[in-house]
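Indexing begins at 1, ligand by ligand and atom by atom, following the structure's order.
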Amino acid sequence: MIVILLGPPGVGKGTQGKLLCEAEGYEHVSTGDLLRSARREGTPLGLEAKGFMDRGELVPDEIIVGMVREKLQELGPERDVVFDGFPRTVPQAEALSRELNRIGRKVTRVVVMNAEDPILVRRLSGRRSCPECGTVYNVYSSPPEVEGICDKCGAELVHRKDDDPATVQNRLDVYRKQTAPLISYYERKPTVPVVEVDGAQDVDDVQTALRAALQERK
Ligand code: AMP
């Protein structure tokens with residue numbers, strides 16, 4: 001299983017990807033999470049990515065592709081993987097198929113998640129995440145038990161800098177210009193089934209729809 005979760009920021013790729021992977025034992029590979037942990041560790045890659053991320057721009061393809069290649073090597077050729085936030089450009093998609101080809105695999109499904117902008121903006125403005133364990137909350141829909149504190153590890157929650165309103169608008173524009181074209185890119189490939197899931201529903205309903213979309217015969 002090589003699944004790609006494709007959709008705008010705030011649509012729920014991270015939440016849904018994590019739920020699916022926890023239940024099924026798949027590996028959740030989020031390039032955003034990998035970059036954030038590189039930044040926390042202060043690695044050269046993390047330092048290079050910082051400016052792009054804070055402005056809501058895409059990190060250059062070479063950096064992302066190298067990072068994913070390394071991750072795939074670490075996981076080995078047989079692991080089931082759910083990609084979240086990758087690929088985000090056509091060159092990244094092409095690099096992914098080359099990497100998969102090399103190990104005799106291919107993308108099994110592209111799941112396109114969608115929701116209207118006001119929903120995305122509200123979700124991103126309410127998002128709080130734990131810098132220690134990565135758990136994500138939302139002050140409107142899934143708040144922590146104690147305001148500002150992670151239920152799981154007690155760390156202080158943060159509002160991602162790139163979830164500020166101005167940066168969010170930029171990220172939505174970047175999604176439309178650079179990432180949304182991947183939908184028709186994959187639709188043109190006869191061997192890659194593309195399915196749609198309505199990301200505006202609540203968390204459990206999206207998860208049910210996502211699982212159904214993965215079962216569907218195409
Ligand atoms: P995310 O957590 O997926 O919203 O990603 C946060 C930020 O990390 C994005 O706004 C980009 O700056 C960067 N990023 C994550 N994944 C990619 C990718 N596949 N290509 C380029 N930049 C990325």
Side-chain angles (χ1 to χ4, degrees), residues 2-18 20-21 28-41 43-72 81-100 107 110-115 117 119-131 133-138 157-183 185-186 199:
I2 302 279
V3 176
I4 292 173
L5 297 182
L6 197 64
V11 78
K13 302 183 297 296
T15 303
Q16 296 300 333
K18 275 182 204 150
L20 177 67
C21 291
H28 178 228
V29 176
S30 153
T31 42
D33 285 349
L34 291 174
L35 291 168
R36 279 182 289 277
S37 75
R39 283 180 59 170
R40 270 198 305 278
E41 288 159 18
T43 66
L45 185 148
L47 292 174
E48 211 174 336
K50 182 178 183 309
F52 297 101
M53 295 174 79
D54 287 347
R55 292 189 297 273
E57 292 167 8
L58 293 186
V59 172
D61 289 336
E62 318 80 76
I63 297 184
I64 300 291
V65 168
M67 193 175 78
V68 170
R69 183 181 300 129
E70 212 171 276
K71 185 74 192 174
L72 283 173
V81 178
V82 175
F83 284 107
D84 152 10
F86 174 86
R88 258 173 155 105
T89 62
V90 170
Q92 290 182 19
E94 284 170 347
L96 175 64
S97 37
R98 279 196 300 276
E99 289 303 314
L100 292 176
V107 173
V110 175
V111 181
V112 179
M113 298 173 68
N114 258 315
D117 279 9
I119 296 177
L120 303 173
V121 170
R122 184 176 155 87
R123 282 187 187 162
L124 294 170
S125 72
R127 178 154 76 178
R128 300 290 181 274
S129 36
C130 176
C133 71
T135 306
V136 177
Y137 300 86
N138 192 289
L157 301 178
V158 295
H159 186 219
R160 275 170 50 179
K161 192 164 187 282
D162 60 344
D163 282 345
D164 287 348
T167 316
V168 162
Q169 197 48 57
N170 196 26
R171 289 165 66 203
L172 290 172
D173 293 344
V174 165
Y175 171 76
R176 262 175 221 117
K177 283 198 201 105
Q178 303 191 58
T179 306
L182 281 180
I183 301 171
Y185 168 88
Y186 278 119

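Comparing Gln178, Glu57, Gln92 by heavy-atom distance to atom 12 (O) of ligand 1, the nearest is Glu57. Residue Arg160 holds the heavy atom nearest to atom 6 (C) of ligand 1 of all those in Arg171, Arg39, Arg160. Comparing Met53, Lys13, Arg36 by heavy-atom distance to atom 8 (O) of ligand 1, the nearest is Met53.
Between Asp117 and Arg176 there is a salt bridge, with a side-chain nitrogen of the basic residue lying less than 4.0 Å from a carboxylate oxygen of the acidic one.
Between Asp33 and Lys18 the shortest side-chain heavy-atom distance falls below 4.5 Å.
Of all protein heavy atoms, the one lying nearest to atom 16 (N) of ligand 1 is Thr31 OG1, 2.8 Å. Protein heavy atom closest to atom 13 (C) of ligand 1, with residue, atom name and distance, is Leu35 CD1, 3.5 Å. Arg88 NH2, 3.9 Å is the protein heavy atom nearest to atom 9 (C) of ligand 1.
Annotation: the span from Leu72 atom CG to Leu100 atom CG amounts to 6.5 Å, rounded to 0.5 Å. The distance from the CG atom of Leu5 to the CG atom of Leu20 is 7.5 Å, given to the nearest 0.5 Å.
Residue pairs meeting the side-chain hydrogen bond (donor to acceptor under 3.5 Å, both in side chains) criterion with at least one partner in residues 44-64, sequence neighbours excluded, are Arg39-Asp54, Lys50-Asp54, Arg55-Glu57, Asp61-Thr89, Asp61-Gln92. Residue pairs that meet the side-chain hydrogen bond (donor to acceptor under 3.5 Å, both in side chains) test with at least one member in residues 119-131, sequence neighbours left out, are Arg127-Asp163.
Backbone and side-chain nitrogen or oxygen atoms of Gly85 are examined, and one is located within less than 3.5 angstrom of a nitrogen or oxygen of ligand 1.
Looking at Val59 against ligand 1, both its backbone and its side chain come within 4.0 Å, counting heavy atoms. Looking at Leu58 against ligand 1, both its backbone and its side chain come within 4.0 Å, counting heavy atoms.
The Asp162 neighbourhood of ligand 1 comprises atoms 6 (C), with distances under 4.0 Å to a heavy atom of that residue.
Side-chain N or O atoms of Ser97 include one that pairs as donor or acceptor with a backbone N or O of Glu94 at under 3.5 Å.
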